[in-house]
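Notes follow the structure.
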Amino acid sequence: MKKNNWIWAVFALCLTLIQLPLTVQADDQTPAEQFRVGMEAGYAPFNWTQTTDANGAVPISGEEGSAFAGGYDVQIAKRIAEGLGKELVIVKTQWDGLPPALQAGTIDAVIAGMSPTAERREQIDFTDPYYESDLVVVVRKDGEYADAKSLADLAGAKITAQLNTFHYTVIDQIPEVQKEQAMRDFSSMRVALASGIIDGYVSERPEGVTAVGANPDLKIVEFDEGAGFETNPEDVQVAVGMRKGDPDVEKVNEILAGISEEERVSLMDQAVLDQPADASGETADQGLIADFKKIIDDYGMLFLRGAGLTLFIAILSTIIGLIIGLLVGIFRTLPLSENPVGRFLQRIVNGLLTIYIEVFRGTPMMVQAMVIFYGTALAFGVSMNRTLAAVLIVSINTGAYMSEIVRGGIFAVDDGQFEAAQAIGMTHWQTMIKVVLPQVMRNILPATGNEIIINIKDTAVLSVISVADLFFQGTSAAGTNFQYFQTFAIIGVIYLVLTISATQILRFVERKMDGPSAYVKLEDINPNE
């Protein structure tokens, strides 16, 4: 009985972890009394993530009490929600996921510094603009292009911009420009600029002011009259994105019309002053250790919650994937039925299982996440909880790999054991359960352990559907405090602790399954004792 204690210990751990997403992620359905707004919460001064409700910040959905969204967009969202008579709910979403989330109905509006370009208007409706800004290029202060005053002065520079924004399209207006690959977010671009990978990136002036305020080594290039980018009026405007045909568009326009231009300027000026990035200079002269300490003090709880969710998804998904793998692996090793109908059905199921395995092993998990999470909402109107979606995605993906691992484990069992089982009258299922599977489980344990390690790391790709795992929390923190090396060094250490801990636990399980390494010979045992 004592030998099975470790099984109950693992079960208790999994049961504890199952409770985590209930507090980490809220339901993604949109109640009528709520106004659910999607934003990155990482594009200061328009929006950012902070750990208190200071300066009018609003709790982020699913992270109440530990993460809050602040910034100009949040203040505009609060005015709109108040005018609509609804409760404001901020849904933290990656930039690429904002339009799909809006179309799928998981959010009611996008208020994230989004420009109402013609391409976007084909997919979603926009309100009247609530802000208008000029385009700038952020460069290094000591760089070759620090004194640029026109696009011609940037000739030959390596320039990039954020993916899926009109900023990236205007780069072509720079003569002889070396147009670099678009980057996913501003955090990545600032790191690339500071490290010299690029010479500059295109942005809006408020974001440029934020970047320079956080890093004095950067500089904003503002162009002389007629020497800058040629843009359409809507390109430099920022508006609220809403679903096609949403009747609330006109109501939102009325609310925005009630916010004067002076008040909008005042809100933006205040957002620039309130952004957490300005506080990063407090430790600038105190050394690297002080930087690490401040990040841990400010974001430690966010990182722990992200680590808990990462561990939960990895462990539960691996367990479910193992069960899927066992069922698929056993079925695919069944001997063909002697009944013609049964044999036909068996071949059909085998064909479907082969397709499942090849599709999920042959496509990236990030693509699978986009298709499953947003595709089910668009095609069937099913709004999935992000955590449950994450578990489903990773489980199905893991199951495809585990099915082949299990099949290989079954074939590794000596054929003589199958023959011996048949000789004493055992059915195929009895042979599998009583003879083969106990050996298979031990044989595939190292491979199962590898899957857990892989899943701990691969949950990072789930940030594409805005699952608040460890990587997502780290990205949000780095986008707010602008201390990329320090932040991701901490994230890396946490990942290392998780993977090493998982490895040690698996080693312990292996030892328990193997039993004692030394045995007492029967002749050494005194039957009278």
Side-chain angles (χ1 to χ4, degrees), residues 20-28 30-31 33-93 107-113 130 187 206 210 213-214 240 255 259 263-264 266-283 293-306 308-309 386 466 468 472-483 487:
L20 287 175
L22 301 180
T23 58
V24 174
Q25 289 283 359
D27 191 358
D28 285 327
T30 305
E33 69 275 7
Q34 291 184 350
F35 181 56
R36 295 172 67 86
V37 174
M39 61 178 63
E40 292 176 281
Y43 179 39
F46 285 94
N47 52 76
W48 64 73
T49 300
Q50 60 187 57
T51 54
T52 70
D53 59 357
N55 303 315
V58 176
I60 294 175
S61 178
E63 301 181 49
E64 287 82 355
S66 62
F68 300 81
Y72 180 76
D73 288 334
V74 173
Q75 299 307 316
I76 294 296
K78 289 169 70 174
R79 301 294 182 89
I80 295 174
E82 182 180 352
L84 294 174
K86 296 183 178 183
E87 174 193 359
L88 175 61
V89 176
I90 300 296
V91 181
K92 192 172 179 178
T93 308
I107 58 176
D108 299 310
V110 174
I111 306 181
Y130 64 87
S187 300
T210 298
V240 179
I255 296 168
I259 307 175
E263 188 175 4
R264 298 183 191 192
S266 176
L267 287 173
M268 178 56 78
D269 291 343
Q270 189 61 47
V272 172
L273 294 175
D274 292 341
Q275 56 192 334
D278 286 342
S280 64
E282 296 175 4
T283 62
K293 184 178 184 302
K294 179 171 177 57
I295 293 172
I296 293 173
D297 289 342
D298 290 346
Y299 300 99
M301 187 55 64
L302 282 182
F303 295 163
L304 287 178
R305 292 170 68 90
L309 182 58
R386 295 179 194 274
S466 303
F472 187 81
Q473 300 290 18
T475 302
S476 299
T480 301
N481 61 30
F482 297 90
Q483 294 177 301
T487 300

### Query
Do M301 and T51 come close enough that some side-chain heavy atom pair is under 4.5 Å?
no

### Summary
For Q275 and A44, the nearest pair of non-hydrogen atoms, with its separation, is OE1-CB, 3.6 Å

### Contacts of Q50 that satisfy side chain to side chain donor-acceptor pair (under 3.5 Å) - sequence neighbours left out
W48

### Query
With sequence neighbours excluded, what pairs up with T487 under the side chain to side chain donor-acceptor pair (under 3.5 Å) test?
N481

### Query
If you take all heavy atoms of G71 and A271, which pair is closest and at what distance?
C-CB, 4.3 Å

### Those residues that, when tested against E82, pass side chain to side chain contact (heavy atoms under 4.5 Å, CB included) (two or more places apart)
none

### Query
Looking at residues at least two apart in the chain, or sitting in another chain, which of them share a side chain to side chain contact (heavy atoms under 4.5 Å, CB included) with S476?
T49, K92, F472

### Summary
Rounded to the nearest 0.5 Å, the CD atom of E63 sits from the CG atom of L302 at a distance of 6.0 Å

### Message
Contact between V74 and F68 at the side-chain level, heavy atoms closer than 4.5 Å - yes or no?
### Response
no

### Task
Go through the structure and list residues passing side chain to side chain donor-acceptor pair (under 3.5 Å) with K293, not counting sequence neighbours.
D297

### Query
Who pairs with F46 by ring-ring contact (aromatic ring centres under 6.0 Å, His included), at least two apart in sequence or on another chain?
Y43, Y131

### Summary
Value for CD1 (I107) from CE (M39), rounded to nearest 0.5 Å, stands at 9.5 Å

### Minimum-distance pair of heavy atoms, taken over all atoms of F35 and A109
CZ-CB, 3.7 Å

### Query
Can a donor-acceptor pair be found between the side chains of Q75 and Q270 at a distance below 3.5 Å?
no

## Note on the structure
Correct closest heavy-atom pair for P45 and M268 would be CG-SD, 3.8 Å

#### Entry: Where A41 and I60 come nearest, the two heavy atoms and their spacing
CB-CD1, 4.4 Å

### Query
Quick one: side chain to side chain contact (heavy atoms under 4.5 Å, CB included) partners of I255, sequence neighbours excluded?
I80, L84

## Note on the structure
In terms of heavy-atom contacts, A468 and L309 come closest through O-CD2, 3.5 Å

### Message
For R79, give me all partners under side chain to side chain contact (heavy atoms under 4.5 Å, CB included), at least two apart in sequence or on another chain.
### Response
I259, E263, L267

#### Entry: Residue list, side chain to side chain donor-acceptor pair (under 3.5 Å) with D73, at least two apart or on another chain
N47, Y130

